[in-house]
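Since this is a predicted model, take the numbers as computed values, not measurements. In the text below, chain A, chain B and the rest are named by the order of the sequence lines, each starting its count at 1.
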2 protein chains.
Amino acid sequence: MSGTKEKIVSMADRLVRTKGFNAFSYKDIAAPLDIKNAAVHYHFPAKCDLGVEVIEQEIEKFREQTGKWKQLPENEQLARLVDVFRQHNSQGNICLMGSLATDFETFAPAMQTKVQEMADGIVTWLTQCLEQGRKNKCIHFKGAAHARALLIMSNLQSSLLLSRVMGPTAFRSIADQLMEDLCQK
Amino acid sequence: MSGTKEKIVSMADRLVRTKGFNAFSYKDIAAPLDIKNAAVHYHFPAKCDLGVEVIEQEIEKFREQTGKWKQLPENEQLARLVDVFRQHNSQGNICLMGSLATDFETFAPAMQTKVQEMADGIVTWLTQCLEQGRKNKCIHFKGAAHARALLIMSNLQSSLLLSRVMGPTAFRSIADQLMEDLCQK
DNA sequence: GTCTATATTCCGATAGAC
DNA sequence: GTCTATCGGAATATAGAC
């Protein structure tokens, strides 16, 4: 227990979001932490192991955050989720899902499965939030909650991708219009 | 003029959409075409040159397609655009924008500029289509046309990404709900 | 746990023959 | 325009000393 392992995962998370999983190397992780790439391999023998750990931590983080919001009205919970993406946007990061979905076909089966787990978890939470929010009349939308959840997820995901290309105002346009559509009086 | 150059660009386009720009190699192009990687380098000295050509052809294709739709009602034009994405989805391809936005930070300046050109072209067309469609009462939405264009673009882009991870039904859910939102009576 | 050193493989790119 | 051959570099990963 030296803290190095946590630093490696944290650095890998940042690199996946900025450069993509296939575009960063063990050296990109080792150099800023002032260690050698062999040390990284000690903690994560294969790159796939590192990728799986990054995703698992993200799944856990998502569970913790949404758990804290449970007492809030559903429209507030939704606003918190948008805020998470807003913070990523201000740091020039894209979301894990967006980054990993692009390279999905090149991944080992173990990583593909983890990506699917993450996607399912987010969609499930979002679907329940929307359904409950519609019951409580604080979120408004037409059609099935599941389809709406996919729409919102695609908005958030691509808002970060588009911001990278077109500038950070793209995120704000999308996020603002999205919340207005769902939570107008 | 041997046709080889066109085949190379076509293969590169497919590889960008399936594996990502950084994840395919000159060998991935050469082998299926039964040529050597030196032949690819003859036509495109650097990988960046190849990337730029792929994007330029996509920009041109978009211009041609949308040009053919000019006489149609705007809601029909929108449906055609969704159909283009539907075809990509059925082939397991993601859109160029989605794929290239992820790796954007790793690109040479010349390629980054081309990606931005492509994004601007799509958003501009979509914005005009929405504005005109609202005037003609065949497309309905709230807020600014530009913000709505970004939302729709993010839906289409990520629908292909999510389909890759969650299965092709994700695209249909998103596309159907999207058209219903905009074109309901 | 971290290091040095290295094995192996692959990639982008170039030189020169044909 | 395409080939063979190869260079230089980088990446993942491993072996063995400390």
Side-chain angles (χ1 to χ4, degrees), chain A residues 1-55 99-100 102-112 114-115, chain B residues 1-55 99-100 102-112 114-115:
Chain A
M1 215 290 288
S2 67
T4 302
K5 191 168 181 175
E6 286 76 8
K7 286 178 191 168
I8 290 171
V9 177
S10 172
M11 185 65 65
D13 181 277
R14 223 188 120 264
L15 285 165
V16 171
R17 293 180 200 267
T18 49
K19 301 182 69 175
F21 185 78
N22 289 323
F24 80 83
S25 69
Y26 273 57
K27 197 182 156 194
D28 292 327
I29 294 178
L33 298 180
D34 213 38
I35 56 178
K36 301 299 172 183
N37 79 350
V40 182
H41 276 285
Y42 169 77
H43 294 286
F44 302 99
K47 200 178 179 182
C48 173
D49 302 320
L50 179 53
V52 167
E53 181 65 24
V54 168
I55 301 170
S99 175
L100 297 175
T102 307
D103 299 343
F104 189 76
E105 307 271 347
T106 69
F107 293 160
M111 256 192 84
Q112 290 188 335
K114 277 291 163 201
V115 175
Chain B
M1 219 289 289
S2 67
T4 302
K5 190 168 183 175
E6 285 77 8
K7 286 178 191 167
I8 291 171
V9 177
S10 172
M11 185 65 65
D13 181 276
R14 225 188 119 264
L15 285 165
V16 171
R17 294 181 200 266
T18 49
K19 302 182 68 175
F21 185 77
N22 289 325
F24 80 84
S25 70
Y26 273 60
K27 197 181 154 195
D28 292 328
I29 294 178
L33 299 180
D34 214 38
I35 56 178
K36 301 300 170 181
N37 79 349
V40 183
H41 276 285
Y42 168 79
H43 293 286
F44 301 99
K47 201 177 178 183
C48 172
D49 303 319
L50 179 54
V52 166
E53 181 65 23
V54 168
I55 302 171
S99 176
L100 297 175
T102 307
D103 299 343
F104 189 76
E105 306 271 345
T106 69
F107 292 161
M111 255 192 85
Q112 291 189 334
K114 277 291 163 200
V115 176

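Looking at heavy-atom distances under 4.0 Å, Tyr26(A) makes contact with sugar-phosphate atoms alone, never a base. Residue Phe44(B) is classed as having no contact, given no heavy-atom separation below 4.0 Å to the nucleic acid. Residue Ala38(A) is classed as a base contact, given a heavy-atom separation below 4.0 Å to a base. Residue Lys36(B) is classed as a base contact, given a heavy-atom separation below 4.0 Å to a base.
Taking every side-chain heavy atom of Lys27(B) into account, dC11(C) is the closest of dT12(D), dC11(C), dT2(C). Relative to the side chain of Ala46(A), the nucleotides dA13(D), dA11(D), dG12(C) differ in distance, and dA13(D) lies closest. Minimum atom distance to the side chain of His41(B) is reached by dG12(C), of the listed dC3(C), dT12(D), dG12(C). Distances were taken from every side-chain heavy atom of His43(B) (C-beta onward) to each of dG1(C), dG1(D), dC3(C); the shortest belongs to dG1(D).
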Atom pairs and distances, side-chain donor-acceptor, residues 7-16 of chain A, under 3.5 Å, sequence neighbours left out:
from     : atom 1 : to       : atom 2 : distance (Å)
Asp13(A) : OD1    : Arg17(A) : NE     : 2.8
Asp13(A) : OD2    : Arg17(A) : NH2    : 3.3

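Look at Thr4(B) and you'll find a side-chain N or O under 4.0 angstrom from OP1 or OP2 of dT2(D). Ser25(B) has a side-chain polar atom (N or O) that falls below the 4.0 Å cut-off from OP1 or OP2 of dC11(C).
Rounding to whole angstrom units, CG of residue Asn22(B) and P of dG12(C) are separated by 9 Å. Rounded to an integer number of Å, the gap from Lys5(B) NZ to dT2(D) C1' is 15 Å. Atom CG of Asn37(A) and atom C1' of dT2(C) are 11 Å apart (whole Å). The separation between Ile29(A) atom CD1 and dA13(D) atom C1' is 14 Å, rounded to whole Å. Regarding Leu33(A), its CG atom lies at a distance of 13 Å from the C1' atom of dT2(C), rounded to whole Å. When the C1' atom of dT4(C) is taken as reference, atom OH of Tyr42(A) falls 18 Å away, rounded to whole Å. For the pair Ile35(A) CD1 and dT4(C) C1', the computed distance is 15 Å after rounding to whole Å.
Cation-pi geometry between Lys36(B) and Tyr42(B) is not met at under 6.0 angstrom from the ring centre and within 45 degrees of the axis.
Separating the CE atom in Met111(A) from the CG atom in Leu100(A) is a distance of 5.0 Å, to the nearest 0.5 Å. Taking CG of Asn22(B) as the reference point, atom NZ of Lys19(A) lies at 9.0 Å (rounded to 0.5 Å).
Ring orientation note: the planes of Phe107(B) and Phe21(B) are nearly perpendicular, at an angle over 60° on the 30°/60° scale.
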